[in-house]
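Quick caveat, the model's predicted, so the values are computed rather than measured. Chain identifiers are assigned alphabetically (A, B, ...) following the order of the sequence lines, protein sequences preceding nucleic acid strands; residue numbering begins at 1 within each chain. Only this structure's heavy atoms are used, side chains among them; waters, hydrogens and symmetry mates stay out.
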Amino acid sequence: MSIPLPTTLPPQDAQTLLERAKSLSGFTLGELAQRAGLTIPPDLKREKGWVGMLLEVYLGASAGSKPEQDFPEIGVELKTIPIDHSGNPLETTFVCVAPLTGNSGVTWESSHVRHKLTRVLWIPVEGERQIPLATRRIGTPLLWSPNAEEDEQLRQDWEELMDLIVLGKVESITARHGEVLQLRPKAANNKARTEAIGEKGQPIMTLPRGFYLKKSFTRQLLARHFLL
DNA sequence: ATATGATCATGC
DNA sequence: GCATGATCATAT
């Protein structure tokens, strides 16, 4: 099997995208980087998004940072997920930045979290730090949509977290809130600030936060696909 | 400052 | 050991 070529155009449909992703499984990050003419960093300490960017190049994701899905034409979001030798996720999964103001009228149905997670192409990649970046292998991709139970779990956590945000309690939220979805910092450093609602309803400046999927949730959705 | 892509690394 | 809070690069 030869190393696939990077794609320029976005796929016409989700199945084509999935097939394209399947053709990458088994190859190493070093092989793909070389074929794409990209230099491979020594590790991910500085370029944390490098793996994700590499796969975007191969799958023809709409380059440039847009506010919505990676493949808006076909309604698919791309997520690489680092896994250990047993296939278990090594990290939580960032979903999107949490809106801390202007939330009147926003519901779960119309939320960015739900929209981003409507359909996700998960691409597992070996992520153990003992494995040199260049020799880490791409795994079997999975095209996933939340089932009724998963949607309900996500909705409950999202509503709990958004209630706290709207009620001016964002600074009392920790990563321990939520069963499957959590709120954590998403910033350059802890000095970064964005507007939010304070305890008494007044505007405050606080650390930007993002929604993340907990490992237990992604572990189960991978299992639901790979061992049933 | 906000958005994209996430992983790092210290405290417990 | 591992989750929480902190952090890194880049583009606009």
query = Hey, which of these two, A187(A) or M205(A), hits DNA chain B nearer its 5' end, going by closest nucleotide?
reply = M205(A)

ask   = To the nearest 0.5 Å, how far apart are CD1 in I83(A) and CD1 in I123(A)?
value = 11.5 Å

Side-chain H-bond candidate by donor/acceptor type, [X] with [Y], under 3.5 Å:
X	Y	result
R184(A)	T92(A)	yes
E171(A)	T206(A)	yes
E150(A)	W144(A)	yes
E152(A)	Q156(A)	yes

Can you check the [X] [atom1] to [N] [atom2] distance for me, whole Å?
X	N	atom1	atom2	value
L213(A)	dA6(B)	CG	C1'	13 Å
L121(A)	dG5(B)	CG	P	13 Å
E77(A)	dG5(B)	CD	C1'	10 Å
I81(A)	dG5(B)	CD1	P	15 Å
D84(A)	dT7(B)	CG	C1'	15 Å
E47(A)	dC8(B)	CD	C1'	14 Å
D43(A)	dT7(B)	CG	C1'	10 Å
L54(A)	dA9(C)	CG	P	19 Å

Kindly point out which of [options] is positioned nearest to the side chain of [X]?
X	options	result
L44(A)	dC8(B), dG5(C), dC8(C)	dC8(B)
R46(A)	dT7(C), dA9(B), dA9(C)	dA9(C)
R176(A)	dT7(B), dG5(C), dA9(C)	dG5(C)
K79(A)	dT2(B), dA6(C), dG5(B)	dG5(B)

Side-chain N,O ([X]) to OP1/OP2 ([N]) below 4.0 Å:
X	N	answer
K215(A)	dA3(C)	yes
R184(A)	dT4(C)	no
N189(A)	dC8(C)	no

request  = Might you point out which heavy atoms bring A14(A) and R119(A) nearest each other, and give the distance in Å?
outcome  = CB-NH1, 3.3 Å

Minimal non-hydrogen separation, K116(A) against E77(A), with atom names = O-CB, 3.4 Å

Per the atom types in the model, does the base of [N] pair as donor or acceptor with the side chain of [X] at under 3.5 Å?
X	N	result
K48(A)	dT7(C)	yes
K186(A)	dG5(C)	no
Y212(A)	dA6(B)	yes

Do [X] and [Y] have side chains that get closer than 4.5 Å, going by heavy atoms?
X	Y	value
L18(A)	K22(A)	yes
L143(A)	W122(A)	no
K214(A)	V180(A)	no

Contact class for [X] (heavy atom, under 4.0 Å): base, sugar-phosphate, or nothing?
X	result
A175(A)	sugar-phosphate
A192(A)	nothing
G52(A)	sugar-phosphate
R129(A)	base

request  = Could you pick out which residue, K191(A) or K214(A), lies toward the 5' side of DNA chain C when each is mapped onto its nearest nucleotide?
outcome  = K214(A)

query = Near DNA chain B, which residues from residues 88-118 of chain A have a heavy atom under 4.0 Å away?
reply = E91(A), T92(A), F94(A), V97(A), K116(A)

key: Angle of first-five versus last-five pair axes in the helix from dA1(B)-dT12(C) to dC12(B)-dG1(C), to 10 degrees   = 30°

query = Is the side chain of T7(A) donor-acceptor paired with the backbone N or O of Y58(A) at a distance under 3.5 Å, no angle test?
reply = yes

